[in-house]
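Sequence lines set the chain letters: A, B, ... in the order given, protein chains first and strands last, and positions in each chain run from 1. Below, each value reflects all heavy atoms present in this structure, side chains not excepted, and no hydrogens, waters or symmetry copies.
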2 protein chains.
Amino acid sequence: MREGQLDLVFSALADPTRRGMLEQLADGETNVGTLAEPHDMSQPAVSKHLRVLERAGLIQRTRSGREHRIRIDPRPIDAASTWIGRYARFWKQQFDAVDAYLEAHAKKTGKNPGKRPKR
Amino acid sequence: MREGQLDLVFSALADPTRRGMLEQLADGETNVGTLAEPHDMSQPAVSKHLRVLERAGLIQRTRSGREHRIRIDPRPIDAASTWIGRYARFWKQQFDAVDAYLEAHAKKTGKNPGKRPKR
DNA sequence: ACCATATATAACCCTTTGGTTATGCGTGAG
DNA sequence: CTCACGCATAACCAAAGGGTTATATATGGT
């Protein structure tokens, strides 16, 4: 995945309306109108959100008559999950390590524990 | 984690400069200047990015003399990882199910499903 | 006391975002 | 054919984002 694609995915996920739409879509593909119902905003606003999700590659669209069927494409979110998961695990380890260090050396004050090993 | 906090975390992660800073911080805590070096921008710009990361809860800051020591707080990204991971897994299942359906159908009809590239 | 260093804040600029209303365009129904 | 429906697009607006330069604040060094 291109670096810029990660930007698009994360910024798409940064909006609660769009996260809500993705949650709806987790129940299966649907059309734009159905997707719009739970969200208190105009139809063009919904259309814009869908365009953002589409640009991020998070959804795919197929025209079926006058309806547009929308479904999730899990690949970009899988990639984002991989990126974020790598650091989540790594940082959690660090966090735990620092916790342990601080507790163990609670009395030895102020000195910089120093940089921890590279990956 | 509050709903709005997820907004902050994802939008903080949406910027490559900030993701870069988080990667730097994965090597251990450091000060603002060191954090700024790899990024070709003014010092105030760096300061702004740090404020964004701080508001999202992704970093913590301690003043040590005139330096600010910055370190990661893994908790919000862990929460985000949980959220995204839940859907990543779910959607992957759906995706695989559709794949399986298309392949099975292709076998029956002898036609190439052809729409989905293999990952 | 003075100057340099580390960082933040202010003021400004342009672009993007998220919303609106109005309109257009293709499709299905009668 | 005509009309309603499902959706997109256009034009507009206010607010937020990401950058800049200039300035302020606090600490450290001499």
### Query
Given the rule in the side chain to side chain contact (heavy atoms under 4.5 Å, CB included) test, do B:Ile72 and B:Leu58 qualify, once you have shown the distances and angles that lead to the verdict?
CA-CA 6 Å; B:Ile72 285 177; B:Leu58 287 164; over 6 Å; no
### Message
Walk me through whether A:Val52 and A:Arg55 qualify under side chain to side chain contact (heavy atoms under 4.5 Å, CB included).
### Response
CA-CA 5 Å; A:Val52 172; A:Arg55 266 203 353 132; 5.9 Å; no
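One interatomic measurement links the two molecules: CG of A:Asn31 to C1' of C:dG28, which rounds to 15 Å at whole-angstrom precision. Whole-Å rounding puts the A:His68 NE2 to D:dC5 P distance at 17 Å. Whole-Å rounding puts the B:Leu50 CG to C:dT9 P distance at 11 Å. Rounded to a whole Å, the CD atom of B:Glu67 is 10 Å from the P atom of D:dG28. Atom pair A:Arg51:CZ and D:dT9:C1' shows a separation of 9 Å (rounding to whole Å applied). A straight line from NE2 of A:His39 to P of D:dC7 spans 14 Å, rounded to a whole angstrom.
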### Query
Where along nucleotides 15-26 of chain D does protein come under 4.0 Å, by heavy atom, of base (B) or sugar-phosphate alone (S), with - for untouched nucleotides?
---BBBBB----
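Annotation: salt bridge (Lys or Arg N to Asp or Glu O under 4.0 Å) contacts of A:Arg18 (sequence neighbours excluded): none.
Using a distance-only test at 3.5 Å, with no hydrogens or angles considered, a donor-acceptor pair links the side chain of A:Arg19 to the main chain of A:Leu13.
Residue pairs that meet the side-chain hydrogen bond (donor to acceptor under 3.5 Å, both in side chains) test with at least one member in residues 35-46 of chain A, sequence neighbours left out, are A:Gln24-A:His39.
A donor-acceptor contact under 3.5 angstrom links the side chains of B:Thr34 and B:Asn31, judged on distance only.
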